Protein chains: 2
Amino acid sequence: MRDRSDTRTRIQEVALDLFTEHGYEATSLREIAERLGVTKAALYYHFKTKEDIVTSLIEDRLAMIEELLDWAHTQPDTVEMRREFVQRYAEHLHQGGHDKVMRFLERNQTALRDNPKSEQMRDLMLHVLEVLGPAGTSVTFRLKSALAVFALHASTFLLRDGISDEERHAAGLQVALDLIDQGAAERHTRV
Amino acid sequence: MRDRSDTRTRIQEVALDLFTEHGYEATSLREIAERLGVTKAALYYHFKTKEDIVTSLIEDRLAMIEELLDWAHTQPDTVEMRREFVQRYAEHLHQGGHDKVMRFLERNQTALRDNPKSEQMRDLMLHVLEVLGPAGTSVTFRLKSALAVFALHASTFLLRDGISDEERHAAGLQVALDLIDQGAAERHTRV
DNA sequence: GTCTATACTCTGATAGAC
DNA sequence: GTCTATCAGAGTATAGAC
């Protein structure tokens, strides 16, 4: 992956920024090219289509979640496992800009709904939610599990004032773990 | 507002559906017109621009949140007030399809970022978060307050299986109130 | 209040020179 | 690996008939 050209990487970075800031559909290839100081045609040398840029952005992230899910399926279904799962998830999320990718996907869910890789991501995220809040458990339990994941994704931009990214991540993780613990207490109180 | 023509209302309904499902930018006026069985030009009789359709969709919602914020500012800053605030917010949200509007806005944040009414909504939502988790309180407290609001917005589509909308709303409200209560307990544990 | 017809702009994408 | 030139299609929007 690192033997790719520098331009290719720069295209990915600029595209991710613009897609997240202005939206996928609202960002034209002309805009990306302009910010890079090249022409549209140059982009087409590196990526066959606009959709291909998105695909390249998502792939690493998909692999990481798949790996994490594989691990979870070898573990017993306990609170400790779910805590550990959330911790690993958070760790991976803040590596290699994967939180940026998740933010991009969240903000462009609808525009990307026909993108195969994006569908795959939605599918994997449902599996993540299934690990943290299996079907058959109470509604509030499952909702809290989903919120735990969202807390990790959103802590970066939900907390505004002058605090560092590390503090944001720590707060997100703490709140997520709190939600997991609460779930454990009420998990079987109603179905 | 009810003295408006039926066609106008139908345009709003179809537009909201398509904007939410396929995304704002990805939805063309041709698509909306086709689904309604009219021509593009007919749309332009009722709305001056595509952006105007969005504006008309948001207005009611803006008024309701403003009203709620006005109420909050006459109240003392206590846990009871915040619980009451959340309950009223939830009630308003599920009236007149306002949850649909919020979902549309959440899913199209980026595409709508230059829309004045959408900016106004973001601004009001920051005030809502400020009521529930004032600046100066702990980071986790504020994050939980934000998650409480998100729980209300998201309960409708975060819970998939065969449960009714009423059950979804009830679960969302319960989880939101839980988060508010927790915040009260830890509010001053750190700044 | 809704139509047809049309103007104009921008989009993603391709072909072929350097 | 990047360029110029160009394409067809779709976008929003307008003018004017009915």
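The figures here come from the full heavy-atom set of this structure, side chains too, leaving out hydrogens, waters and symmetry mates. Chain letters run A, B, ... following the sequence lines, proteins first and then strands; every chain starts at 1. Here the structure is a predicted model, which means the values were calculated and not measured.
Panel note: side chain Lys50(B), backbone Ser28(B); no donor-acceptor pair is recorded below 3.5 Å. Listed for the Glu167(B) side chain is a donor-acceptor partner under 3.5 Å among the backbone atoms of Ser164(B). For the pair Asp99(B) (side chain) and Thr156(B) (backbone), a donor-acceptor distance under 3.5 Å is absent.
Note that CD of Gln12(A) and CD1 of Ile53(A) are 8.5 Å apart. Values are rounded to the nearest 0.5 Å.
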N/O to N/O distances under 3.5 Å, protein versus nucleotides 2-6 of chain D:
{"from": "dT2(D)", "atom 1": "OP1", "to": "Thr7(A)", "atom 2": "OG1", "distance (Å)": "3.2"}
{"from": "dT2(D)", "atom 1": "OP2", "to": "His46(A)", "atom 2": "NE2", "distance (Å)": "2.8"}
{"from": "dC3(D)", "atom 1": "OP2", "to": "Thr39(A)", "atom 2": "N", "distance (Å)": "2.8"}
{"from": "dC3(D)", "atom 1": "OP2", "to": "Thr39(A)", "atom 2": "OG1", "distance (Å)": "3.0"}

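If you measure from atom NZ of Lys50(A) to atom P of dT14(C), you get 15 Å, rounded to the nearest angstrom. As a whole-Å value, the separation of Lys48(A) NZ from dT14(C) P is 9 Å. Taking atom OH of Tyr44(A) as the reference point, atom C1' of dG16(C) lies 17 Å away to the nearest angstrom. Atom CZ in Arg8(B) sits about 14 Å away from atom C1' in dG1(C), given to the nearest Å. Taking atom CG of residue Leu43(B) and atom C1' of nucleotide dG11(D), one finds them 13 Å apart after rounding to whole Å. Whole-Å rounding puts the Glu51(B) CD to dG11(D) P distance at 18 Å.
Look at Arg30(A) and you won't find any side-chain N or O under 4.0 angstrom from OP1 or OP2 of dG12(C).
Summarising the geometry of Ala26(B) relative to Glu31(B), their closest heavy-atom pair is O-OE1, 3.5 Å, with the distance given to 0.1 Å. Across every non-hydrogen atom of Leu143(B) and Gly172(A), the tightest pair is CD2-CA, 3.6 Å.
Residues His153(A) and Arg103(A) bring no donor and acceptor atom of their side chains to less than 3.5 Å of each other.
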Intra- and interstrand pairs of DNA chain C - dot-bracket, Watson-Crick/G-U under 3.5 Å, | marks other strand
||||||||||||||||||

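By the 6.0 Å contact criterion, NE2 on His98(A) is enclosed, its count of non-hydrogen atoms from other residues, nucleotides or ligands being greater than 12.
A heavy atom closer than 4.0 Å to some atom of DNA chain D occurs in Thr27(B), Ser28(B), these being the qualifying members of residues 16-28 of chain B.
Glu34(B) has a carboxylate O that lies under 4.0 Å from a charged side-chain N of Arg30(B), or vice versa, which qualifies the two as a salt bridge. Between Glu59(A) and Lys117(A) a salt bridge is recorded (basic side-chain N to carboxylate O distance below 4.0 Å).
Of the candidates Lys144(B), Arg83(B), Arg82(B), Asp181(B) forms a salt bridge (charged side-chain N to carboxylate O under 4.0 Å, His left out) with just one, namely Arg83(B).
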